[in-house]
Number of protein chains: 2
Amino acid sequence: MVSSKEVAKVAGVSQPTVSRVLNNPEKVNAETVNKVKQAMEKLNYRPNSIARSLKQQKTKYIALISGPLHNPFFVDSTTTIVNHAKEHGYHTLVYFEDQGDNLSVYEEVLRQQVDGIILSSIFMEDPIYKELVASEVPFVMFNRRYQAGGNYVEIDNEKAGQLATNHLLKLGHTKIAWIGGPTYTSTFQGRLAGYQKAMEVTNHPVKPEWVKATDTTEKAVVQAIDELLLLDDKPTAFFAATDSMALYCQNYLLRMGYRIPDHFSICGMDNIDITAHAAIQMTTLTHESNKPLGLHAIEHLIHMMEVESEERKIMQLTLEPKLIIRGTTGPKQ
Amino acid sequence: MVSSKEVAKVAGVSQPTVSRVLNNPEKVNAETVNKVKQAMEKLNYRPNSIARSLKQQKTKYIALISGPLHNPFFVDSTTTIVNHAKEHGYHTLVYFEDQGDNLSVYEEVLRQQVDGIILSSIFMEDPIYKELVASEVPFVMFNRRYQAGGNYVEIDNEKAGQLATNHLLKLGHTKIAWIGGPTYTSTFQGRLAGYQKAMEVTNHPVKPEWVKATDTTEKAVVQAIDELLLLDDKPTAFFAATDSMALYCQNYLLRMGYRIPDHFSICGMDNIDITAHAAIQMTTLTHESNKPLGLHAIEHLIHMMEVESEERKIMQLTLEPKLIIRGTTGPKQ
DNA sequence: ACATATTTTGAATACGTATTCATTATAATT
DNA sequence: AATTATAATGAATACGTATTCAAAATATGT
């Protein structure tokens, strides 16, 4: 591997001069710059970022710890984050959350000396939070948050749950099922709370059997529906707490021969691209911001990384939800 | 930042001993190991991977240069690659191809001293290829390949094009449009060649206006369809060279009020998850392998990275395509 | 008890870069 | 011409780790 030392030798200068040509060319004589650049060209020299990182104590790496891409919500945010980071000179180490062993993921990430972390995979009460704070690496949570601390951007999940539920109530549904992921995450906790609140306020009892807080896989959704359909008081509408789950739900009901929304209404949440497809037409929820969640997050992270720690602003952003009515919800028959 | 030197001081040993406790604990006295581990615990020590990388001349990083995630094909491969790499101790730097300036992406990647590169974003005649070879970093191409060189895994695109086209011909369609991306990529070149061959063999002329080699965005697909529908000889079937494009196509035709497959048949390619959805039912193509393409690629890359360069095997894998007939293709009316 | 093998440890060094500091050469000012 | 400021450069060092080598301590065999 060709180093700045070899370039220096070929150019007949010292290694520091080569370094200066790269970083402060204005501090070095024009002729010398030329000599050095020629030598670089000749040797096909590429600066070693690892050595640079070690010396500078800055890696220009960020870590993205994302929810699984089978949920298209995270597809959009990953693209946004990776591309925006790159535009600002940052490289993105991507990890997907590992229910089993998230802690070791963070342990690994911190060893990489990343300049910042962006994550969607935190629980409301997650021991990782204080580890991250202790590490002093700037981090931003998006989609999910930790209790009420730190930097985050989220949707007002409770309000979203209310919006969805009220929409279904207004269509005449009273037996409404809630299907979502584990409620130790802020997203599902909020969306469930909103559903319960909307029912309560309008004096509609919530049968505990209607609430399916499981995991986000297709298998789990299918099983939840199987169970729901066996109930005496079986629901006529489903509020699925993510579009990904709503799609599994729609698919399964269609396969069983039901018509949507004639037999059942379905409401999702996230407004992922495919929900707008003419063959899908999923009613869903989005937020009122001209920027996607992931963009808010990465912009703020970059701010934090490029400013002294004393001057760092705190971002605690809770966006207003907005209902998008499409074809999967209709009046109760 | 707490270093191995500080741990050494607290433990009352030398820095190399700390290093040995981490990497060869069997080479150090059991009591000493304990002392050192306690000191690590006490100081909350985390080894600095950057320094380790510099010394070892191995980073345990790989770079993934992927096609855009709005094509769900790359969603699956990204997940597979990132997770499989992590299981083997590798961290993944993710980049998305940049039509405009892929070269600078590679330049950046090589500065990061990655141990290997995995990419889908190469052209059949791409100057990057010889740069990569010259860098001596192992790399594997998936989905697309460079002419006929290097390590790659792909589908037999030409055969796939034939399969799709023959399927449509058999249904009675003779005016078949081809919609795909730029033909300087092996994928689209092959899929187009297969389409042309199948038409030729069966003595069906191909009108040049039926072939839309554009780019892979929704906008481009919509425009292509607009143009196709204005033709005198307008096609009755579409072979879209990726599922992503096929979905755009299906969506647009449905929105215009057409029924699929009554008015038009559509065949995609890639067998991405959503195509199996009951509301989508996209006829598509996949390959006959129990492993996804991305997994073949990452497994081989790991092989290359963990073996001396002389013993590296070459992988040039061309998988057999297979047609999956669903609801978007039907007899010509 | 002696010689020899083995285990355990630390001093010194290297990886490739950026930075501090001192030195020399040159330009600007009196 | 003498002084002072400025520009250009290199020697030395540091970042945090792993490794080589030699030395010391201990165990093994006779």
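Letters go in sequence order (proteins before strands), and every chain restarts at 1. Basis for what follows: all heavy atoms, side chains included, without hydrogens, waters or symmetry-related copies.
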Whether [X] contacts [N] is assessed here as follows: a side-chain N or O lying under 4.0 Å from the phosphate OP1 or OP2. Is that the case?
{"X": "A:Ser4", "N": "C:dG16", "value": "no"}
{"X": "A:Asn48", "N": "C:dT17", "value": "no"}
{"X": "A:Ser3", "N": "C:dG16", "value": "no"}

Pick the closest DNA chain D nucleotide for A:Pro16 and for A:Glu26 by heavy atoms, then say which residue is nearer the 5' end.
A:Glu26

Judged by each residue's nearest nucleotide on DNA chain D, which is more toward the 5′ side, B:Pro47 or B:Arg20?
B:Pro47

Can you establish whether the number of heavy atoms outside A:Glu311 located under 6.0 Å from its atom CD is more than 12?
yes

To the nearest Å, give me how far apart [atom1] ([X]) and [atom2] ([N]) are.
{"X": "B:Gln15", "N": "C:dT13", "atom1": "CD", "atom2": "P", "value": "15 Å"}
{"X": "B:Gln56", "N": "D:dT17", "atom1": "CD", "atom2": "P", "value": "12 Å"}
{"X": "A:Asn24", "N": "C:dT20", "atom1": "CG", "atom2": "P", "value": "11 Å"}
{"X": "B:Gln113", "N": "C:dT17", "atom1": "CD", "atom2": "C1'", "value": "11 Å"}
{"X": "B:Lys27", "N": "C:dT6", "atom1": "NZ", "atom2": "P", "value": "12 Å"}
{"X": "A:Leu54", "N": "D:dT13", "atom1": "CG", "atom2": "C1'", "value": "13 Å"}
{"X": "A:Gln57", "N": "D:dA14", "atom1": "CD", "atom2": "C1'", "value": "10 Å"}
{"X": "A:Ile50", "N": "D:dA18", "atom1": "CD1", "atom2": "P", "value": "14 Å"}

Consider only side-chain N and O atoms of A:Gln112 and B:Tyr61, and report whether a donor and an acceptor are under 3.5 Å apart.
yes

Less than 3.5 Å apart, any donor N or O on the side chain of A:Thr318 or A:Glu154 sitting next to an acceptor on the other?
yes

Go nucleotide by nucleotide along DNA chain C from the 5' end; which of A:Arg52 and B:Asn29 gets its closest nucleotide reached first?
B:Asn29

Checking C:dG10, D:dG16, C:dT19 against the side chain of B:Ala51 (C-beta onward), the nearest is D:dG16

Does a distance-only test, which skips hydrogens and angles, find a donor-acceptor pair under 3.5 Å between the side chain of A:Arg46 and the base of C:dG16?
no

For [X], report the nucleic acid contact type (base, sugar-phosphate, nothing); a contact means any heavy atom under 4.0 Å.
{"X": "B:Thr32", "value": "sugar-phosphate"}
{"X": "A:Val13", "value": "sugar-phosphate"}
{"X": "A:Ser19", "value": "base"}

Nearest atoms (heavy-atom pairs only) where A:Phe123 meets A:Asp126
N-OD2, 3.2 Å

Can you find a heavy atom in the side chain of B:Val140 that is under 4.5 Å from one in the side chain of B:Asn151?
yes

